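The structure is given below, and queries will be raised subsequently.
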Amino acid sequence: MLNLVLFGPPGAGKGTQSQKLIEKYGLIHLSTGDLLRSEISQGTALGLEAKKLMDQGILVPDEVVIGMISHKLDDNKAAQGFIFDGFPRTVAQAEALDQLLETKNAPISGMIALEVNDTELEHRLLLRGKESGRPDDANPEVIRKRIKEYKDKTAPVAGFYEKQNKFRGINGVGTEEDVFKAICAIVDSY
Ligand code: ADP
């Protein structure tokens, strides 16, 4: 089984690269951001609670996203592997994911981090906000809050995988194809 964690700040290109990876390697894409937005559009209680936080650029509680991922893993028992996109976003989530995968005997193969500077990130997110209509992309203050949440709570997750010798960083600035090639070179080495 191939289990990839695609890592990087908001706007680093995780969603775009995930789509290309799914096609090439036949993996299931698990994006907690997409799962949460789907809860919001269905108007569930979970979605309503999550929306309040997401609109401010704040992370939703660990137990909420861990529960969602756990269900999705159960729903896809026959999968060849998964791409985790936007998860784990805290060290507690990373620990929970290791435990969930332990019961399946299918550990994380590796974490690939897309490295992009703050100026480029803000520029990309504001542009995406115009096209996607995502409320959290339209407001510069919310974007800065998300980048701050990333630095405070999410960046330490890299160290968690580094300790397991599973961390690989790549340059996330360049053409989509160049970034994809760099990712595939790592994936093919697993
Ligand atoms: P981006 O990577 O552009 O920030 P996402 O779609 O991954 O976009 O996430 C959007 C928002 O959803 C986040 O700002 C956060 O509020 C919430 N969210 C997504 N994934 C998680 C997670 N694993 N833990 C906590 N909150 C999350």
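We're numbering straight along the sequence, starting at 1. Here the structure is a predicted model, which is why all the values come from computation and not from measurement. In each ligand, atom 1 is the first atom listed, and ligand 1 is the first ligand listed.
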Does Glu149 use its side chain to pair, donor to acceptor, with the backbone of Lys145 at less than 3.5 Å?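 Such a contact is absent between Glu149 side chain and Lys145 backbone.
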
List for me each residue that meets side chain to side chain contact (heavy atoms under 4.5 Å, CB included) alongside Asp74, sequence neighbours excluded, and say none if there are none.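 Listed in chain order: Ser70, Lys77, Lys104.
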
Connected hydrophobic set around Leu125, excluding itself, where side chains approach under 4.5 Å: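 Cluster partners of Leu125: Val116, Leu121, Leu126, Ile143, Ile147, Val173.
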
Donor-acceptor under 3.5 Å (Gln17 side chain, Glu176 main chain):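 Yes, because the side chain of Gln17 sits within donor-acceptor range (under 3.5 Å) of the backbone of Glu176.
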
Lys/Arg-Asp/Glu bridge criterion (N-O < 4.0 Å) met for Lys20, Glu23: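 A salt bridge is absent here (no side-chain N lies under 4.0 Å from a carboxylate O).
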
Just to be sure I understand the cut-off, which residues have at least one non-hydrogen atom under 4.0 angstrom from an atom of ligand 1?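 Shell around ligand 1 (4.0 Å, heavy atoms): Pro10, Gly11, Lys14, Thr32, Gly33, Leu36, Arg37, Met54, Ile58, Leu59, Val60, Val65, Gly86, Phe87, Arg89, Gln93, Arg128, Arg134, Asp136, Arg146.
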
Does Asp55 have any side chain to side chain donor-acceptor pair (under 3.5 Å) partners at least two apart in sequence or in another chain, and if so, which?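 Side chain to side chain donor-acceptor pair (under 3.5 Å) check on Asp55 returns Lys51.
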
